[in-house]
Structures are given as C-alpha cells and as structure tokens.
A.B. asks: 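Shown below is the structure under consideration.
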Amino acid sequence: STGGVSYVDMHLLAERVTLQGLVKAGVLQGDVDAMMKVRLGAVFMPHGLGHLLGLDTHDVGGYLGGAARSSEAGLKSLRLTRVLQEGMYLTVEPGCYFNDHCLDAALADETQRAFFNTARLADFRGFGGVRIEDDVIITKTGMENFTTAVRSVADVEALMAKKLPLPFDL
C-alpha cells in the first residue's frame with residue numbers, strides 16, 4: 001500500500017482475495033461481487049485487517065474527526081478506518097477462519113447459504129484458521145515491511161526440518 005489509500009478499501013480487498021481463494025478451493029461457489037454484497041467475507045475474516053502501532057499495541061488514532069463505526073459485519077471490527085499517510089506504522093494481518101459460530105450463522109442466512117459448498121466446507125470444519133501479520137511503515141513510494149518471519153512453504157519446511165526450537169519451547 002501507499003499513502004492516500006483508504007484502509008477500509010484495503011480491508012475489503014483482503015476479504016475479496018480471501019473469497020476468491022475459497023472459490024478456487026471449492027469451499028464457496030458463485031459470484032464474488034455478490035458475496036461481497038452480503039458481507040460473506042466477514043464470515044471468514046471477522047476481525048479487522050489491522051491497526052496502528054505506536055506506544056501501545058493497538059495505538060489510538062484509527063478513527064479521527066468523529067468518524068462513526070460501521071455496523072456492517074467485519075467492518076464494525078476495524079480499528080483503523082483512515083486514509084493511509086506517509087509515516088504511519090501499522091499492522092496488515094489478513095486471516096481466514098473456519099469458526100463454527102460464524103459458519104453456522106452464515107448457513108442459516110438465506111442470502112449467504114447459497115454460496116457454500118457444504119460438502120467441501122466440512123473438510124475445513126475444526127481446522128481453526130490462520131492469520132499472517134506484517135508490521136509496515138507507509139513511505140512516499142509504498143511501504144517498508146519490518147516483519148522477518150518466514151512465509152514461503154519452502155522456507156517453513158526448511159525451518160521445520162532443522163527442528164529449530166520455537167519461542168514457546170525455550
């Protein structure tokens with residue numbers, strides 16, 4: 001991302017990409033634009049895309065000028081709704097969760113139910129989910145990523161093959 005971009009738009013893009021991946025995986029079926037209209041992305045990413053970082057983990061300043069919180073699913077969880085500006089330090093943490101409570105509510109909703117391939121969805125029930133976090137600073141030309149964790153499948157497999165101690169094993 002770069003300065004001048006709405007973080008709400010970034011959140012919606014993350015939802016769209018997640019839905020596209022779920023269609024590709026066979027969990028969902030149908031038109032992604034129609035899924036976006038019924039807020040299906042919030043079923044799998046019920047949290048906000050990220051937040052400002054500063055003196056506190058969830059730094060203040062995500063809402064300015066009396067901006068009101070959205071009441072829409074997913075968007076009401078945003079901690080940051082501002083237009084990004086150079087110098088902002090923030091998290092970008094998209095996730096995809098298979099939360100039974102959220103899934104059951106979606107399957108009970110006639111506007112969302114039709115998009116599900118319930119047989120394929122069953123393969124993911126009980127999986128939980130995954131969220132990947134990057135900590136970035138917005139620059140004049142884009143952003144600088146300060147996250148150093150391995151990301152590629154090859155890198156994760158190499159790390160695991162070496163049987164390196166994980167922080168919680170020390």
A.B. asks: Please tell me if the side chains of His47 and Arg131 come closer than 4.5 Å, counting only heavy atoms from C-beta onward.
C.D. replies: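 Touching, per the 4.5 Å side-chain cut-off.
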
A.B. asks: What do the steps show when you test Thr118 against Leu107 for side-chain contact (heavy atoms from CB on, under 4.5 Å), and what is the final call?
C.D. replies: CA-CA 9 Å; Thr118 54; Leu107 291 168; 3.9 Å; yes

A.B. asks: How many angstroms lie between CE in Met36 and CG in Leu19, if you round to the nearest 0.5 Å?
C.D. replies: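 Nearest 0.5 Å value for the CE-CG distance: 6.5 Å.
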
A.B. asks: Are any side-chain N or O atoms of Thr91 and backbone N or O atoms of Glu93, one a donor and one an acceptor, separated by less than 3.5 Å?
C.D. replies: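 Between the backbone of Glu93 and the side chain of Thr91 there is no qualifying donor-acceptor contact (under 3.5 Å).
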
A.B. asks: Can you tell me if Asn99 uses its side chain to pair, donor with acceptor, with the backbone of His101 under 3.5 Å?
C.D. replies: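 Side chain of Asn99 to backbone of His101, a donor-acceptor pair under 3.5 Å: yes, one is there.
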
A.B. asks: Keeping to residues at least two apart or across chains, list the salt bridge (charged side-chain N to carboxylate O under 4.0 Å, His left out) pairs with something in residues 3-15.
C.D. replies: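 Pairs touching residues 3-15 that pass the test: Glu15-Arg39.
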
A.B. asks: Which ILVMFWY residues can you reach from Leu13 by hopping between side chains whose heavy atoms are under 4.5 Å apart?
C.D. replies: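 Hydrophobic cluster check, Leu13: joined to Val17.
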
A.B. asks: Run the side-chain contact (heavy atoms from CB on, under 4.5 Å) check on Val5 and Met10 step by step: do they pass?
C.D. replies: CA-CA 8 Å; Val5 174; Met10 295 297 298; 3.6 Å; yes

A.B. asks: State plainly whether the residues Asp104 and Arg125 are in salt-bridge range, i.e. N to O under 4.0 Å.
C.D. replies: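 Judged by the 4.0 Å cut-off on N to carboxylate O distance, Asp104 and Arg125 do form a salt bridge.
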
A.B. asks: Is the closest side-chain heavy-atom distance between Arg120 and Phe116 below 4.5 Å?
C.D. replies: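 No. Closest side-chain heavy atoms not under 4.5 Å.
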
A.B. asks: Determine, stepwise, if the pair Asp135 / Asn145 fulfils side-chain contact (heavy atoms from CB on, under 4.5 Å).
C.D. replies: CA-CA 6 Å; Asp135 298 336; Asn145 190 338; 5.6 Å; no

A.B. asks: If we only count heavy atoms from C-beta on, is the Val23 to Phe115 side-chain gap below 4.5 Å?
C.D. replies: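 The answer is no, as the side chains (C-beta and beyond) never meet within the 4.5 Å cut-off.
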
A.B. asks: Assert yes or no for the condition that the ring centre distance of Tyr89 to Phe146 is strictly below 6.0 Å.
C.D. replies: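 Yes, the ring centres sit under 6.0 Å apart.
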
